[in-house]
Structure formats: C-alpha cells, structure tokens
Amino acid sequence: MTLATTPASDVAHEAARRRTFAIISHPDAGKTTLTEKFLLYAGAVAEAGAVKARAGRRSATSDWMAMEQQRGISITSTALQFSYRDCVVNLLDTPGHRDFSEDTYRVLAAADAAVMVLDAAKGIEAQTLKLFEVCRARQLPVLTFINKYDRPGRDALELLDELEKQLDLRPTPVTWPVGIAGDFRGVIDRRTGEFVKFTRTARGATAAEEQRLDATRAAAEEGDAWTHAVEECELLDAVGGSVDVESFLAAETSPLFVGSALTNFGVRHLLDAIVDLAPAPTARVAASGETRAVDAAFSGFVFKIQANMDPAHRDHVAFVRVCSGHFERGMTVTRADTGKAFSTKYAASMFGSDRDTIDDAYPGDVIGLVNASDLRIGSSLYESEPVAFPPIATLAPELFARARAKDTGRYKQFQRGLAQMEQEGVVHVLRDPHGDPTPVLAAVGQMQFEVFAHRLEHEFGAAVELSPTPHTVARRTDAETAAQFPHIGGLLVLLQRDGTLLALFESQWLLQRLEGQHPDWVLDPILIDAAEPPQ
Ligand code: G4P
C-alpha cells in the first residue's frame, strides 16, 4: 500500500498541539474522579458520572478477564484522548489498587508529563512516592494537584513543606486556597491576584461556576479567609515559590493547584495548565544518543502489552507511543530489534472497552496494535530511517514466588508459557544458576502473578503452583558486588534472562544495613527492561 507522505510541517504542527500525560496518585486520592472531570470540562462527556468507571471497580473479583470487561475506563483504557482548547490531550492510565503492576511504571515512559494528585488530608502516600521516583528517574515534569480541599484536611503550607522535604521537589503554587480545607471558598490566581470563587453544582455533575473577583471585592466578601490567603501568598512570593517554566521542565519544581475534583473546584485551572505548561512531544533521544525529531519519519515504542483483552479472540494488543512522524493505519513499519517488517493493518485506539480503529496518529498519541504477539515491551518500530529507543525503566520488584508446574506432564506447556510471558513483561523470571533451578517470578503487584497463573492455565494449559519466597525487596546489582555479598541468610542473588543480576533481600532492614556498610556497592532500585538482542 502506498501512502502519501505527510509534510513535516503538518506533523510538527500536530505534535505541538499534543499533551501526553499520566496521573500519579495513591488509591483513593481521586484519580478516577479527576479523569471524569477532565472529560467533562473537555466536553467529551456531557455529565460527570456518564463514564462508567467506578461501579464496576467495586466488584473487583479475582477473575482478571472478567474484571477487564467490567471496569470501564479506569482499567482498560490505557489512553484516553480528548480535545481541549486547541490541543489534543492524551491521558495515559496508571492502574492502581489491585491492578498495580509494572505496567503502571511503564506507562510513565510513554508520558511527557505527570499530574500528581494528593489527598489534602493525607499528603504523599506510598504509591505516589513510588510513581514519583519513576518520574524522577525519567526526569518527567510533574504538576501537583492537592485534591479534596472541600473537606477537612491538612494545612496547605504544611503540604508544600512535605513535598519539598520528602520529594526534593519545589512546589510553585499557581493557585492558592482561600479558606481552610473543609471551608474552601475558592482560590487566588497568583498570576493575576484575582479571587476565583467557586460555586458547587449538584453532585459536581456539571462544570462549577467560577466567579472572578478583584482583591477589593474579595476582601469585602471573604474577610479573614481572604486576608490570610493573601498573607500566605506574600510568604510564597518571598521564598520564590512562583512558577518557573524552565525548572518545571527540568523536573525541579512543580506548579501546584489546590482543588476538589468532586465539586469541580480547580479542575479547569489544572486542565489549562496541562495545555499551557506541560510540554508537547519533543525530539526523543534514541539508545544511540542521537535524537529523533518529531517531524522525522514515523517511529514509536511499545510500552505495554495486554493479552486476551477480548476472550472471544485470544489477542494481544501492543500499545505504542508514537515518537515521530505520521502514523497511518496500514503502513508497514520495521521492528528495530529484529529488523523484520510489521504490518499495522490492525491498529486501534482504546476508549473503555470499545475498540475503535485508528487511522492516523501523531507524536504523543498511543496506538494499540492488535495481534502483535511477538512484539515486546520496549520494542521500537520505525519507518524508513532506523531508530531504537532506550529500554524502559521501572522500580525493582517487591513480590517473589517460586513457580512449579502442577502437572509435571505439562512441563513443556509450562515452559512455553513462562517464556512467552517473560517476553511480554508480564512478570520477571529469575533463576539461580547454581542453586534451586525452580524459576522465581518477580513482580511489583500481586495481579501480575494472578494474570500469569490465569493465562498459564487457560492459554497454555499448564496449571501452576506459586509459593511466595520470604523476600520483600530487590536491587539490581553487578557481579563484582554480588561476589562480595556475605554468606548470610536473607539474601539471594538471581539472574534474569537478559543477564541482569537481582539481589533479593528478606527485609528492608538488611538492605539498609548493607547499603550503610558498603556505600560503594551497586544496589540500584531502578530496573531496566533490557531490550532483546537482535534475533
Ligand atoms: P482513585 O481513582 O484515585 O482511587 O479515587 P476516586 O476518584 O475513585 O476517589 C476515591 C473517593 O474519593 C471517592 O469516594 C470519591 O468520590 C472521593 N473523592 C474524589 N475527589 C474528591 C474530592 O475532591 N472531595 C471529596 N470530598 N471526595 C473526593 P467514594 O465514597 O469511595 O466513592 P463514591 O461513592 O463517591 O463513588
């Protein structure tokens, strides 16, 4: 099929109006609610609640396939695309709760920015911290949204302090709350000094009414709450807490917004900031160190593989982030790791459980390639000019289990499933070349094991017995360090197929003690999914 080439200037224009980001948060901080409200403000849904996200989520069962079908947007979507102002916004899903898995980390490799949602009463929580570390490893610019300010919570200045101390990230508030958490009247827009007064709408189903008042009127209407907010803003001015685009893009500062997704307060400010501040896709650095300009020929990489999304058609969908060029369905691209041609006849965009065929995509967009069973996480695809993007970084796994075939007669099927799912990045498969040959599976979320076991049984016909090991934390290490490990209990060194050595520790305490005693040892929490060697 011959396709007309799209002028580079058109591609550059389309890229410039893309914003591709992910939300990082701890379960219950309000990610789903905020997602719904983004769609509401973008006009993609007429009324919040129209997106059937939460109802299904409540009935989470261990049946992963059924779960996938029930849950609607919050789980299956991978990428939601909507237009806002003159931009095309791609919101990438970061699965949480029981669905937390390495995919959650990998999604961040496909994003150009992140929105960190904090519950005003809780501040930084465990999962947010982990996801933030991955953002930091990728130098991803982060916008912060302090959510649930409509109900009692912590003091906003105290939350700022926590961000700075715990994350070493300097928050630069764009809006500042008038009224304390639980008595939230609106915000000062620090760019103009105006008071933006919010009015609740019934159940937050429609956009919140915003009234802009100048300082005099605000002082007259809000009294002490206004004076207090103004004083706090003066303090912020004095400590240099104002938005600075350069340091934001360098992931050193974080423009901060205060709001309430439930009542729609502050949602518009945040969405505007995504358009105004978050970066458009730019030239991407390849593994070689060269950069691929957005208007070069098509290129992209696989950041997620989902198998059996549709049980009726045992299919695999490889989600590809477009890095450069104009993607047109039907084009034949080349896989960087094998040099083989790949047809993109079956390309889809995902919205909820519906699958629409996608015909065009530009840098920043996500395409789902159906029946892409031999693509792997990190595989790069390109048209005409070769490029291979670097492997994807995730955090080291925290859950480990030995895997044995229940029925030794099904050993071959067991091995085939193991190899296939290792390739897809469902779990890490670790082996002890000198000790127990039973493979150890490693994951960051329990669901990775459940998916593994389910697929092994139903797709490959080999039931598996998983026995958890006592380890709770792992670090990437090297042979030199491993050779120095003391022969003490609670520590196990295993090998991944790509040659990565992982040290498994039974306790965080043991790891910290060894780190303290041997600061020169290589004990890296960041894991790189090594690219497959060319076949
Ligand atoms: P998540 O995706 O991050 O896990 O969080 P989600 O949006 O599902 O929100 C978790 C709970 O917090 C929900 O309540 C939701 O309504 C509530 N919530 C989200 N944003 C706000 C906010 O700005 N203010 C207040 N007060 N609550 C908020 P729920 O009772 O668990 O569910 P539901 O009955 O409301 O559906």
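We're numbering straight along the sequence, starting at 1. We use all heavy atoms of the structure for the numbers below, so side chains are in, but hydrogens, waters and symmetry mates are not. First listed ligand is number 1; within each ligand, the first listed atom is number 1.
- Not counting sequence neighbours, R19 has no partner by the salt bridge (charged side-chain N to carboxylate O under 4.0 Å, His left out) test.
- Every atom of ligand 1 is numbered from 1 in the order shown, and the set under 4.0 Å from a heavy atom of P27 is 4 (O).
- By the criterion of a heavy-atom distance under 4.0 Å, both the backbone and the side chain of S260 are placed next to ligand 1.
- At a 4.0 Å heavy-atom cut-off, ligand 1 touches T32 through backbone and side chain alike.
- Within a 6.0 Å radius of CD in E158, other residues, nucleotides and ligands contribute more than 12 heavy atoms.
- Here's the thing with Y149: none of its N/O atoms is less than 3.5 angstrom from an N/O atom of ligand 1.
- Pairs of residues two or more places apart, or lying in two chains, that qualify as salt bridge (charged side-chain N to carboxylate O under 4.0 Å, His left out) and include a residue from residues 121-140 are K130-E398.
- The contact set between ligand 1 and T33, taken as ligand atoms under 4.0 Å from a residue heavy atom, comprises 6 (P), 7 (O), 9 (O), 15 (C), 19 (C).
- Every atom of ligand 1 is numbered from 1 in the order shown, and the set under 4.0 Å from a heavy atom of G30 is 1 (P), 3 (O), 5 (O), 6 (P), 7 (O), 9 (O), 19 (C).
- Between R268 and E210, at least one side-chain N (NZ, or NE/NH1/NH2) sits under 4.0 Å from a carboxylate O, which counts as a salt bridge.
- Salt-bridge check for E424 with R455: passed, with a basic side-chain N closer than 4.0 Å to an acidic carboxylate O.
- Within the set I146, T94, L262, the minimum heavy-atom distance to atom 27 (N) of ligand 1 is found for L262.
- Taken from CD in E102 to CG in L527, the straight-line distance is 7.0 Å, to the nearest 0.5 Å.
- Against a heavy-atom cut-off of under 4.0 Å, K31 is close to the following atoms of ligand 1: 1 (P), 2 (O), 3 (O), 5 (O), 7 (O).
- Residue A261 places at least one N or O, backbone or side chain, under 3.5 Å from an N or O of ligand 1.
- For ligand 1, the atoms lying closer than 4.0 Å to a non-hydrogen atom of D28 are 1 (P), 3 (O), 4 (O), 5 (O), 10 (C), 12 (O).
- Both the backbone and the side chain of K148 come within 4.0 Å of ligand 1, counting heavy atoms alone.
- The six-membered or imidazole ring of F389 lies away from that of F303, with a centre-to-centre distance of 6.0 Å or more.
- Between F265 and Y149, the distance from one ring center to the other does not fall under 6.0 angstrom.
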